[in-house]
Amino acid sequence: MTETQTQPALKAKDYKSDIKPVWCPGSGHFAVLSALSKALAHLALKREDVAMVSGIGCSSRLPAYTEVYGFHGVHGRALAVAGGLKAARPDLTVIAAGGDGDGFSIGGNHFLHACRRNMDITYIVMDNEVYGMTKGQASPTTSPDWSASKLTPHGPGVPSFNPAAIALASGATFIARGFSGDPNKLTQMIVEGIQHKGFSFIHVFSPCTTFRPEQKGWKKQVHEYAEEVTANPVKTAQGLQADDGMGTGLIYRTELPPWQPAYDAICEPSALEKEFQV
Amino acid sequence: MTETQTQPALKAKDYKSDIKPVWCPGSGHFAVLSALSKALAHLALKREDVAMVSGIGCSSRLPAYTEVYGFHGVHGRALAVAGGLKAARPDLTVIAAGGDGDGFSIGGNHFLHACRRNMDITYIVMDNEVYGMTKGQASPTTSPDWSASKLTPHGPGVPSFNPAAIALASGATFIARGFSGDPNKLTQMIVEGIQHKGFSFIHVFSPCTTFRPEQKGWKKQVHEYAEEVTANPVKTAQGLQADDGMGTGLIYRTELPPWQPAYDAICEPSALEKEFQV
Amino acid sequence: MNKTNVNHPDTLSAAITGSGGSGVVTAGQMLLKAVAAAGLFGLMTRSSGPQIRGGESAAMLRLGVKPVNNLDDKFDILLAFDWLNVTRFVDEIPLQPGSLIIRDPDAGEVPPELASDDIQVLDAPLKSLAKTIDGGRPNMIGLGILAKLLGLPEAALRQVAAEHLEKKGEKAVEATQACISLGHTQEWSELPISPLEPPHTPPVRWNISGNEASCMGAVRGGVRFVAAYPITPASEILEWLAPNLEKLGGSLLQAEDELASVNMIIGSSFGGVPSLTATSGPGLSLMMEGLGLAVTSETPLVVSNVMRGGPSTGIPTKSEQSDLNIALYGFHGDAPHLVLAATNIGDCAFTTQWAVYLSEVLQTVAIVLSDQSQGQARSIIEPPAEPKEAYQRLLAKSPEEENHYQRYALTEDCLSPMSIPGTEGCIYTADGLEHNERGTPSSMTEDHLLQLDKRRNKIDGFDYGEAWADLQGEGENCIITWGSSSGAAFEAAQRLSQAGVPTRALALRLLAPLQKQKQQNTLQGVSNAIVVEQNHGAQLYHYLNANQLLPPGTRSMAQPGPLPIRPGDVMAMMTQEADND
Amino acid sequence: MNKTNVNHPDTLSAAITGSGGSGVVTAGQMLLKAVAAAGLFGLMTRSSGPQIRGGESAAMLRLGVKPVNNLDDKFDILLAFDWLNVTRFVDEIPLQPGSLIIRDPDAGEVPPELASDDIQVLDAPLKSLAKTIDGGRPNMIGLGILAKLLGLPEAALRQVAAEHLEKKGEKAVEATQACISLGHTQEWSELPISPLEPPHTPPVRWNISGNEASCMGAVRGGVRFVAAYPITPASEILEWLAPNLEKLGGSLLQAEDELASVNMIIGSSFGGVPSLTATSGPGLSLMMEGLGLAVTSETPLVVSNVMRGGPSTGIPTKSEQSDLNIALYGFHGDAPHLVLAATNIGDCAFTTQWAVYLSEVLQTVAIVLSDQSQGQARSIIEPPAEPKEAYQRLLAKSPEEENHYQRYALTEDCLSPMSIPGTEGCIYTADGLEHNERGTPSSMTEDHLLQLDKRRNKIDGFDYGEAWADLQGEGENCIITWGSSSGAAFEAAQRLSQAGVPTRALALRLLAPLQKQKQQNTLQGVSNAIVVEQNHGAQLYHYLNANQLLPPGTRSMAQPGPLPIRPGDVMAMMTQEADND
Ligand SMILES: Cc1ncc(C[n+]2csc(CCOP(=O)(O)OP(=O)(O)O)c2C)c(N)n1
Ligand SMILES: Cc1ncc(C[n+]2csc(CCOP(=O)(O)OP(=O)(O)O)c2C)c(N)n1
Ligand code: SF4
Ligand code: SF4
Ligand SMILES: [Mg+2]
Ligand SMILES: [Mg+2]
């Protein structure tokens, strides 16, 4: 988070826009929107100093539903847009958001490099282990034997992608896991993520009631992340291995200088012409 | 490796083509070519049953210099071409090769997903911590303070990419690190990589004498990988952390079923028309 | 009372609307199946609101005694389950004097956007009738009513209900059949509709969507490997192919993105397996670099691009013909290749199959353009034809003696035998760098020119036979068009000719390379021409102008999506005074 | 003896060749600097073999008393350090009767491809002369000889040596100066060269490459953020900008790929900072999806695309003008935007600066096409001009009262004030989905049409003033061209006019949107026209035809790279009988 001016009078609902979400009733994404607006209210950020950037997917519709600046880009490129925005405008609080398909499939390369680059951006992935928007295909986090999509009639057959482990190996400095069914905890997590100086990755289980109705069972499966939270990547890797993948809470946090170009102008373009003059 | 027929009479030089490499004198890539041709000879693979696939870069020129089938594609997509080829032609021994820029920068997403997908492909990355072909810019493996490129005059400023750690987190089943300055060991490593059933990742230090002349010093820095080689990803992650990043040798190996579609035809297209008939 | 369909006594148009959960789509699908069972032809398209799932929706049908390739200008009947958000569909369901609205009086008044003096409103108490049946549903009552009005026999409906609801058990089937019968037995005073007369011995027909037809074409053409990334409105192609390719000994790989999918099929095709990917605009954009590699390395492959509203993410669920430019010109460098478009739903099969053959024999990229309105619409059609000739890839054989295989050898027809890995003695490296005949990278002017010529001439010099376009009618007036606009163009030409304005219509199937001589011959004697297409930039019009293939004074009718181009609009444009400045 | 340059007494052409390590490029660069020091103008291009580093290379120079924008038909002098692999350059260094070859007799005979009776060979024992000087190098002896032949004063050469070798220490400077002097003092009998007369008071000049000029244009135009991925031949743009943007308070980010770079500058521009990326064909292909997003979300940005040989990876180190198609048409959907091309090296500055202004004021994408032959060539030029008007982005201001900000409001000129994050009361979400005025996604036909019209009309309706093209000469003959072919076209027109064939030449700077009325006016009275461009597909020719902007019978001269288009070839094409079938 950038130390911008804050503005105390706003409530959570002031951070929600008046646009009606296209989401299905019961979609986990509603709770993420709520948690996010509460987090912004808690931080008392000036709405015009916050920018929400996303790609394409049900989850990626989030920006328009918040009352902050938004950019709804193309599929898989949220982190690139967010990175350029933050590089050029370090004064803004930049939040990127999207789905598991957007972030881990088509957007995988930017995820890797955003973790490494450690810019001061918060990235919220609403993981429903499916491509909701395109009506239910397997995503990288889908389990190998999920065979409900006609596209992968025997299931994707590939071990599912472990977002926290990849983020860790790529150099993210803040990793947390949340659940849309526990919005208060999620709010707190988003607050901490935004406050963290550097790249904060918040992986949220956010059920797709339409194409993964069985995810209603997640309520019973998630639990407090029980492993030690350290700034030591090897210990954390060990913890992640011990956890069943459903533990929620802060997983990893370390302090590293965020990458941020910010130079003071020392001359005008005309001064650069000298180099060329014969 | 696929159990294809072998052909005993060929020598290493028979696996080299008569095309003269465009490489600079002293480029580490020459030794990789040598080691590869020795490995192929050692395995006595029929030349026509092997395919080398690459992207773009000095290193990616490799296929034309070998006397096996080759595909010199576009920048960053070697693993995609290789994956499609192997999926359609499981009988072939498919090897992908390229540079650190090709594989970890523009090709990062395919690297992630190829590791996960665990197809029976061997991937050799000739890492010189630089974009050789485009005359010397920083790559993801370049150290943060390398400031010799005008594009990053203060150095890239981002912690360098750890290929073995990412491969491990993404699910690769065979990870080794080699050095072009030790071609015998490298040959052996390539042999084992090709023999491994599943995705084998061989990360080779291959100096760029032109744009990173200081890499001549690598000879003194590489050493035997001293950590335990297990099939346990957490132990290996620990080992990788303890190693200074210059240890060469096998790092990780585990057995998981490779992803490989291979179905027997049970009907002709005309049989599928029934579904539509009124 | 005037019958609304007297001008087209062979067809009837009906729409069904309702809010989320009201069962619009089920009713539409069953109606179409009943149309098929009754021995008729038909077409059904769908539309829905912005909700991901469960919002308002509309089903639009046109039935006919002969094949139906496009929607009509107006609808004869609108069956509305309720009026929630119905205004969203007002543009899509134009009514006309004499059209009939069937409404449930319990759902309230017809909204002012639809009501008019000329429109007859019939009250049908769907909800209360449904309540009379255990497990009854209003939409099935409506279905029965509609069937009756359209002249579909009750038996056909009952049969469809039995099939459609088989999985839901006997009780559900019975309740549905009871609803249908109840609707069907409603009696009406004289109605503004002449029911259709099904033929005595109905011809063989298929019930298929354009996307499914594209799949049939692909597998008939020999495609056995597909790598792809889901995208609306192309995903159904992948969903059909994944299980069915397996049965043919092939496979489908869901890739991590479109960069991967296109490069994967380059790999598989290099391996000798005819390969395809399916996508839509945003995915096609991402594939262009890979497609250029396929062109340059002479690796055959087919891209089935199902167009949606553009630019950018645009309107994913709606149709438009606005990807012609990128398909023709979206490569860096000079990259000749094939572009084809299906002229109707069934033709998706023929055109895709032909594209596979052509890409294989010419060792290049074929982009097949379809669109949402073809791909996701369902139609009762005659079984699609197959191309006359089944071309194949020219393969290199192991040489008798030691000699250097030249992958890009210069030959008379500019086609060089392609060696498949596994072939002894023909080892080579394919390359996207400019190369000499052997494939070795070369930056020499001469090699570049020779290979540029080769890649162009192999395509330009090929004899594509008669399938390059569909021509109907004759006369000095001409409608030139392509893809999903073809149906409306053909109908307009026919209606104009009947009305004494002799008009021919030409729908291009092979968009690149243009068959200049053939097109010029076809257009001989034309004095008044228009180019009809569903986009904003008049992309076909400019393309044909670029190649000087339009009669002087040809006018452009470019209408962006998502509303379909209707025959009446084309007729109006055709007969409008040519403006001559 | 005939002087070879009597026909163009104002210019002289010289080439230097040699194998790796012989110092060709150093000699060429120093010669160009000496040309500048002597008060002349000049141009230098380079060529090299396939080796990544250290292979054979050639430096090709043309000097003039006035600005020189292109190479000549033939070379007056070839200085060869040795003959290894020289045949690779034979096409690039055409000689003519009377041309002079300077060779070292120790390096062997002139190869047959170059030798001819008409060509005079001068022996200069470069190696043995170099040996007479401690630390002496043959290339510097050659440089001295060349300078003498070209009429460049020894003092200029010595000064350049002092500057160029400053870092290598005094001894190196002295040895080099000694070599140059030794070369310069060689005496020759009458030579087939008339040395150039430098002007008495030379005008202010710059020594700059096209890529550097593009950079100056970018920063003059206000660009303060760049994200990019290295690619030949665009990397020098990034290498210059990275350190220099910092000085201006801006920055450059090296991205992981081109998908990232284009989306990053969308982000920065959304943040209010004028932004640019630079790339070449393969990178441009990857950016197209992102560029479509910028067009649709109305986010201004500039892409500097330095073209190389295509298609696919093509010929990365060589020049071609074959990315016009993708720049114009490479978007899915209808996506109007700006395409510009610089007409010479210095114009890279003007055109890029203008592109920044235009993209900002029109809130859209501007693609600036340059190419390897402009980008990597170095030239002594007059300081580049700046556009007359410095347009800026129209910004939204915080409203006095609560009211809903409409990002995509429909206005008379179709431009809507853009709100920059940080602006209170003007919060909005930019979208690549089709949207209504507020920016909310919409799939309604009306919103789509309104926004399609808006995005097209804002660009079409803008007054671009006079900079849309460069016109030289008059007459009924006309050469129409663009980009790096402009120099040869202008010279051809001038030479033709002098020879009694009145010819004008028109080089388009603004390629999209076409300035139809202006172009028609400019072409009035033309009866014989050709379109000249360096590609295989006649891309400009087809584009102008598509828009019916060519006089009847206009012929195409489309010659792919990498050999440059030379004035003589254009003249020949212009005067060739128009073939009328
Ligand atoms: C380049 C491109 N490819 C494919 C698509 C189609 N598409 C839209 S959203 C989506 C996946 C969305 O899944 P996810 O990110 O998990 O979001 P969810 O809908 O599940 O919230 C896909 C494949 C697209 N819009 N653009
Ligand atoms: C799409 C695209 N972007 C950029 C380039 C330019 N390019 C060619 S090779 C290369 C980097 C090569 O580096 P690496 O893979 O490390 O190979 P090396 O030359 O060091 O062996 C780049 C950026 C390209 N050819 N295509
Ligand atoms: S489809 Fe799934 S992810 Fe999308 S809105 Fe509905 S429930 Fe949520
Ligand atoms: S530039 Fe570097 S990587 Fe490339 S061939 Fe030369 S030494 Fe090898
Ligand atoms: Mg999802
Ligand atoms: Mg490298």
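Chain naming here is simple, since letters A, B, ... match the order of the sequence lines and numbering starts at 1 in each.
The greatest number of non-hydrogen atom pairs below 4.5 Å with chain A, out of D:Thr296, D:Ile420, D:Val273, is found for D:Ile420. Here D:Ala36 is the residue among D:Gly222, D:Ala36, D:Gly432 with the most heavy-atom pairs under 4.5 Å with chain A. Highest contact tally toward chain A, considering only D:Met216, D:Arg438, D:Lys247, is held by D:Lys247 [criterion: heavy-atom pairs under 4.5 Å]. When the candidates D:Ile381, D:Thr423, D:Val219 are compared by the number of heavy-atom contacts under 4.5 Å with chain A, D:Thr423 comes out ahead. In terms of heavy-atom pairs under 4.5 Å with chain D, the best-connected choice from A:Glu273, A:Glu268, A:Glu67 is A:Glu273. Highest contact tally toward chain D, considering only A:Ala87, A:Gly84, A:Ala78, is held by A:Gly84 [criterion: heavy-atom pairs under 4.5 Å]. Of all the listed residues (D:Arg205, D:Arg220, D:Met264), the one sharing the greatest number of non-hydrogen pairs under 4.5 Å with chain A is D:Met264. For the set D:Glu212, D:Arg224, D:Lys33, the entry with the most heavy-atom pairs within less than 4.5 Å of chain A is D:Glu212. Chosen from A:Val94, A:Val53, A:Leu85, A:Asn109, the residue pairing most often with chain D at heavy-atom distances under 4.5 Å is A:Leu85. In terms of heavy-atom pairs under 4.5 Å with chain D, the best-connected choice from A:Gly70, A:Ser54, A:Ala51 is A:Gly70.
For chain D, the nearby part of A:Asp264 is the backbone; its heavy atoms alone come within less than 4.5 Å. For D:Cys215, no part sits under 4.5 Å from any heavy atom of chain A, backbone or side chain. Interface residue D:Thr299: only side-chain heavy atoms are found under 4.5 Å from chain A. In this structure, no portion of D:Pro383 lies under 4.5 Å from any heavy atom of chain A. Contacts of A:Arg116 with chain D are absent, with no heavy-atom separation under 4.5 Å from either backbone or side chain. Contacts between A:Val68 and chain D at a heavy-atom distance below 4.5 Å involve the backbone alone (N, CA, C, O). Contacts between D:Tyr428 and chain A at a heavy-atom distance below 4.5 Å involve backbone atoms as well as side-chain atoms. Neither the backbone nor the side chain of D:His435 comes within contact range of chain A, judged by heavy atoms closer than 4.5 Å. Contacts of A:Ala82 with chain D are absent, with no heavy-atom separation under 4.5 Å from either backbone or side chain.
Residue D:Ser297 comes nearest to A:Phe71 through the heavy atom pair OG-CZ, 3.6 Å, listed as atom of the first residue, atom of the second, then distance. Closest non-hydrogen pair, D:Glu256 versus A:Arg117, comes out as OE1-NH2, 2.7 Å. Shortest non-hydrogen contact noted between A:Glu275 and D:Asn244 is OE1-ND2, 4.4 Å.
A 4.5 Å side-chain heavy-atom check between D:Leu253 and A:Trp259 finds at least one atom pair inside the cut-off. Between D:Leu248 and A:Cys267, the closest side-chain pair of non-hydrogen atoms falls below 4.5 Å. Two residues are said to be in side-chain contact when any heavy atoms from C-beta on lie closer than 4.5 Å; D:Asp257 and A:His110 meet this criterion. Put simply, the side chain of D:Leu433 reaches to within 4.5 Å of the side chain of A:Arg61, judged on heavy atoms.
The closest donor-acceptor contact from the side chain of A:Arg77 to the backbone of D:Asn263 lies at 3.5 Å or more, if one exists at all. Between the side chain of A:Tyr69 and the backbone N or O of D:Ala430 there is no donor-acceptor pair closer than 3.5 Å. Within the 3.5 Å criterion, the main-chain N or O of D:Pro421 finds a donor-acceptor partner in the side chain of A:Arg89.
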